[in-house]
Amino acid sequence: EKALRWNPVSSGIWLEYAEVFKCLKMTDELFRTTKELFQYAYQPEYIAKCYRNFGYCLIEEKKYRDAVICYFMSLMYDSESMQAEEELMYIRETAGIEPALPSQEDIIRLCRTYGIPSGPNPEVYDMAYSAGQIMIEKNDYRNARYFLEIAYRLRPTDKNREMLERLKMN
């Protein structure tokens, strides 16, 4: 808590804080803390971890089908996560549910039902993208690349990729 008072927007600190609640099996607090953390997360790995935390809470409530959706959402941001894959295997073995890729409707329903964000905070993306644009205007290409790489990792669009490729020439 002290670290959060010092730096209340640090995703790393929020993740560690949430992990305490996970270890203590305080799923309501873990869920609440993870939702708070989500608004500051700017690294895909952190977003993936948030979805895994949500999935963990849902497993604890025996809401396995909804947990499956969370783990697939996690894999959208960290496709190499062994943790998400292991949790999907756990659900298969424990609940006898064959995890299947969720539909867009399933994701929307899950997010609405539990108040889970359906992707990165748009304000975080906008800040990274805007900061990158400002750095380009100032001919500060190193920092422009830094911010635009964050934007690209949050939204890997062709526009963002092309902008990064142009910056590599500077």
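We number each residue from 1, following the sequence as shown.
- For F72 against A100, the heavy-atom pair with the smallest separation is CE1-O, 3.4 Å.
- Taken from CD1 in I47 to CZ in F38, the straight-line distance is 5.5 Å, to the nearest 0.5 Å.
- F54 has its ring centre less than 6.0 Å from the ring centre of F31.
- Side chain to side chain, N139 and Y141 meet the donor-acceptor criterion of an N or O pair below 3.5 Å.
- Among E86, R52, E45, E87, the single residue meeting the side chain to side chain donor-acceptor pair (under 3.5 Å) criterion with S81 is R52.
- By the rule that hydrophobic residues join a cluster once side-chain heavy atoms approach within less than 4.5 Å of another member, M89 and I69 end up as members of separate clusters.
- The backbone N or O of S103 lies less than 3.5 Å from a partner atom in the side chain of D106, making a donor-acceptor pair.
- The main-chain N or O of M135 is never found under 3.5 Å from a side-chain atom of D140 such that the two would form a donor-acceptor pair.
- Rounding to the nearest 0.5 Å gives a distance of 4.5 Å between CG of L167 and CD1 of I136.
- A side chain to side chain contact (heavy atoms under 4.5 Å, CB included) with K22 holds for exactly one of T34, L30, T27; it is L30.
- Heavy-atom contacts from other residues, nucleotides or ligands closer than 6.0 Å to CD of E123 number 12 or fewer.
- Residue L75 is not grouped with residue M82 when hydrophobic side chains (ILVMFWY) are merged at heavy-atom distances under 4.5 angstrom, including chains of intermediate members.
- In this structure, the side chain of Y71 engages the main chain of Y56 through a donor-acceptor pair within 3.5 Å.
- In this structure a side-chain-to-backbone donor-acceptor pair under 3.5 Å is missing from N160 to L148.
- At least one side-chain heavy atom of T94 sits under 4.5 Å from a side-chain heavy atom of Y64.
- Applying the 6.0 Å contact sphere to CD of E80 captures no more than 12 heavy atoms from other residues, nucleotides or ligands.
- The shortest distance between side-chain heavy atoms of Y114 and K63 falls below 4.5 Å.
- Residues L58 and L110 form a side-chain contact, since some pair of their non-hydrogen atoms from C-beta on lies under 4.5 Å apart.
- Within a 6.0 Å radius of CZ in R32, other residues, nucleotides and ligands contribute more than 12 heavy atoms.
- Across all non-hydrogen atoms, the minimal contact from G119 to Y51 is N-OH, 3.1 Å.
- Both L24 and I59 belong to a common hydrophobic cluster when Ile, Leu, Val, Met, Phe, Trp and Tyr are linked at side-chain heavy-atom distances under 4.5 angstrom.
- For the pair A67 and G55, the tightest heavy-atom approach, listed with the atom from each and the gap, is CB-O, 3.5 Å.
- For the residue pair P117 and C111, the shortest heavy atom distance occurs at O-SG, 3.9 Å.
- Judged by distance alone, with hydrogens and angles left aside, the side-chain atoms of T33 form no donor-acceptor pair with the main-chain N or O of A18 at under 3.5 Å.
- Residues S74 and A48 come closest through the heavy atom pair OG-O, 3.1 Å.
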*Report the C-alpha distance between R109 and D66 in whole Å, list the side-chain angles of each, state the deciding distance to 0.1 Å, and finish with yes or no for salt bridge (Lys or Arg N to Asp or Glu O under 4.0 Å).*
CA-CA 9 Å; R109 179 197 53 78; D66 289 340; 2.7 Å; yes

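- Looking at heavy atoms from C-beta onward, C70 lies in side-chain contact with I116 at the 4.5 angstrom threshold.
- For the atom pair CG of N143 and NZ of K138, the computed distance is 10.0 Å after rounding to the nearest 0.5 Å.
- Note: Y129 and Y125 have parallel aromatic rings, judged against thresholds of 30 and 60 degrees for the angle between ring planes.
- Side-chain contact between I97 and R92 is absent, with no heavy-atom pair separated by less than 4.5 Å.
- Rounding to the nearest 0.5 Å places SG of C57 at 11.5 Å from CE of M26.
- For the pair S130 (side chain) and D126 (backbone), a donor-acceptor distance under 3.5 Å is present.
- Atom CG of L88 sits about 11.0 Å away from atom CD of E93, to the nearest 0.5 Å.
- Within the 4.5 Å cutoff, no side-chain heavy atoms of V68 are placed close to those of P102.
- The distance from the NZ atom of K62 to the CD atom of E60 is 7.0 Å, given to the nearest 0.5 Å.
- Contact detail for L164 and E149: the closest heavy-atom pair is CD2-CG, 3.6 Å.
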